[in-house]
There are 2 protein chains.
Amino acid sequence: MPALDLSTHPGHLARRLQQAHTLLWTTIVSEDVTSPQFAVLNTLVGEDGLDQRTVGERVGLDRSTIAEVVRRLAARGLLDKIRDARDGRRAVLRLTGEGTALHRRLSGRTARMNQIFLAPLSPQERSTFLELLQRVSDAAEELRDPAARPPDEPAP
Amino acid sequence: MPALDLSTHPGHLARRLQQAHTLLWTTIVSEDVTSPQFAVLNTLVGEDGLDQRTVGERVGLDRSTIAEVVRRLAARGLLDKIRDARDGRRAVLRLTGEGTALHRRLSGRTARMNQIFLAPLSPQERSTFLELLQRVSDAAEELRDPAARPPDEPAP
DNA sequence: TCCACATAATCAGTACACTGACTATCTCTG
DNA sequence: CAGAGATAGTCAGTGTACTGATTATGTGGA
């Protein structure tokens, strides 16, 4: 069996893409706040007071990882983690003023980063790229978790 | 500043894509060997006896990470790590028979996995997707490292 | 030849990301 | 109301992935 050409393997390319993105992120957006951390802040800007599990689900982090990320954000005073009075299992997350301010500062930079990241593509190719990325990711996530289904076929 | 729509952010999508891929990999290809580990084996099948640094460069792993991955592969007897006699700094990597056999076994499965991974796209879209992934990754890697340049513009 | 510089690998520290086991809490049903 | 099952979070363990500091070795020029 000869060696395979990994440049035709989407998984391999996905890993390289993500690594390249992380690098760009730290140089252009922030050295202190990572992309997953920003995703959490961004979710809470949209809807403050969500519980930890829901935020994790929205940004694509499992329960263990979201716990770690939240711990770090809380340690830096960017959000507060509060036990839900009505449901003692839940941890409700609330942005601090500092968290909101930081999100505002970084938002503009993420736009600039996306531009640089997608610079090698034409405007047409950019939207194609985003669409294909989304379709493949969505489909693969559904393979794993046939629960959160599209509006048809409500599981038994 | 309102919340951003991260589904238009290629970096966020890249992370989700990679996560989804890892999941598929462990269910379809192997529970024991990870995708980066397979990439190392695959490189050595193509050219046995490369040194650790070169292999890392080929598969896109930095010196620290390739060292970890190699340590694990060596611990499982899939390759041997030998100090280069001619250059005492280098560690030369050689596949064992078991390593070669495992690569052979897994190669077919990676093809099946790629098919499932790309199933939501038409044949046309698949090649577009791979091409765009490659162009964006290559460009971003060059931003970081202006050394390994294309055949024009040899750096000073 | 010796010393400055470069290079390969290692090490410590940080940050995702996942699984499987466990705890605490809630809810529903008998 | 009690116990069964579901749910949210934690914890331990494994595996990338990166930076910055350190160590060992090679190489080229004064």
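The sequence lines fix the lettering, A, B, ..., with proteins before strands; numbering per chain opens at 1.
- With the nearest nucleotide of DNA chain C identified for both A:Ala85 and B:Asp87, B:Asp87 has the one nearer the 5' end.
- Screening residues 88-98 of chain B for salt bridge (Lys or Arg N to Asp or Glu O under 4.0 Å) gives B:Asp51-B:Arg90, B:Asp87-B:Arg89, B:Asp87-B:Arg90 as the qualifying pairs, with residues at least two apart or on separate chains.
- Every residue meeting the side-chain contact (heavy atoms from CB on, under 4.5 Å) condition with A:Ser107, not counting sequence neighbours, appears here in chain and number order: A:Phe38, A:His103, B:Met1, B:Leu4.
- Only one option out of A:His21, A:His12, A:Arg15 pairs with B:Gln18 in a side chain to side chain contact (heavy atoms under 4.5 Å, CB included); it is A:Arg15.
- One atom, CZ of B:Arg83, and another, P of D:dT23, lie 15 Å apart when rounded to the nearest Å.
- Looking at residues two or more places apart in sequence or on another chain, you find no salt bridge (charged side-chain N to carboxylate O under 4.0 Å, His left out) involving B:Arg105.
- For residues 126-137 of chain B, the set of pairs meeting the salt bridge (Lys or Arg N to Asp or Glu O under 4.0 Å) definition, not counting sequence neighbours, comprises A:Glu125-B:Arg135, B:Glu131-B:Arg135.
- Read 5' to 3', the first and last nucleotides of DNA chain C with an atom closer than 4.0 Å to a heavy atom of chain B are C:dA6 to C:dT19.
- Pairs engaging residues 16-26 of chain B under the salt bridge (Lys or Arg N to Asp or Glu O under 4.0 Å) rule: A:Asp138-B:Arg16, A:Glu141-B:Arg16 [sequence neighbours left out].
- Counting heavy atoms from C-beta outward, B:Leu93 and B:Asp80 have side chains that stay 4.5 Å or more apart.
- For the contact set between residues 61-79 of chain B and DNA chain D, defined by any heavy atom under 4.0 Å, the members are B:Leu61, B:Asp62, B:Arg63, B:Ser64, B:Thr65, B:Val69, B:Arg72, B:Arg76.
- Note on residues 24-49 of chain B: pairs passing salt bridge (Lys or Arg N to Asp or Glu O under 4.0 Å), not counting sequence neighbours, are B:Glu47-B:Arg58.
- A donor-acceptor pair shorter than 3.5 Å cannot be found between the side chains of B:Asp5 and B:Thr8.
- One finds the CG atom of B:Leu130 at 8.5 Å from the OG atom of A:Ser7 (value rounded to the nearest 0.5 Å).
- Here side chain to side chain donor-acceptor pair (under 3.5 Å) pairs that include residues 109-119 of chain B, with residues two or more places apart or in two chains, are A:His9-B:Asn114.
- For residues 50-57 of chain B, proximity to DNA chain D is found at no residue, defined as any non-hydrogen atom under 4.0 angstrom from a strand atom.
- With sequence neighbours excluded, the residues that form a salt bridge (charged side-chain N to carboxylate O under 4.0 Å, His left out) with B:Arg71 are B:Glu68.
- At a non-hydrogen distance threshold of 4.0 Å, A:Thr34, A:Pro36, A:Gln37 from residues 3-39 of chain A come into contact with DNA chain C.
- Taking CG of A:Leu79 as the reference point, atom CZ of A:Arg72 lies at 13.0 Å (rounded to 0.5 Å).
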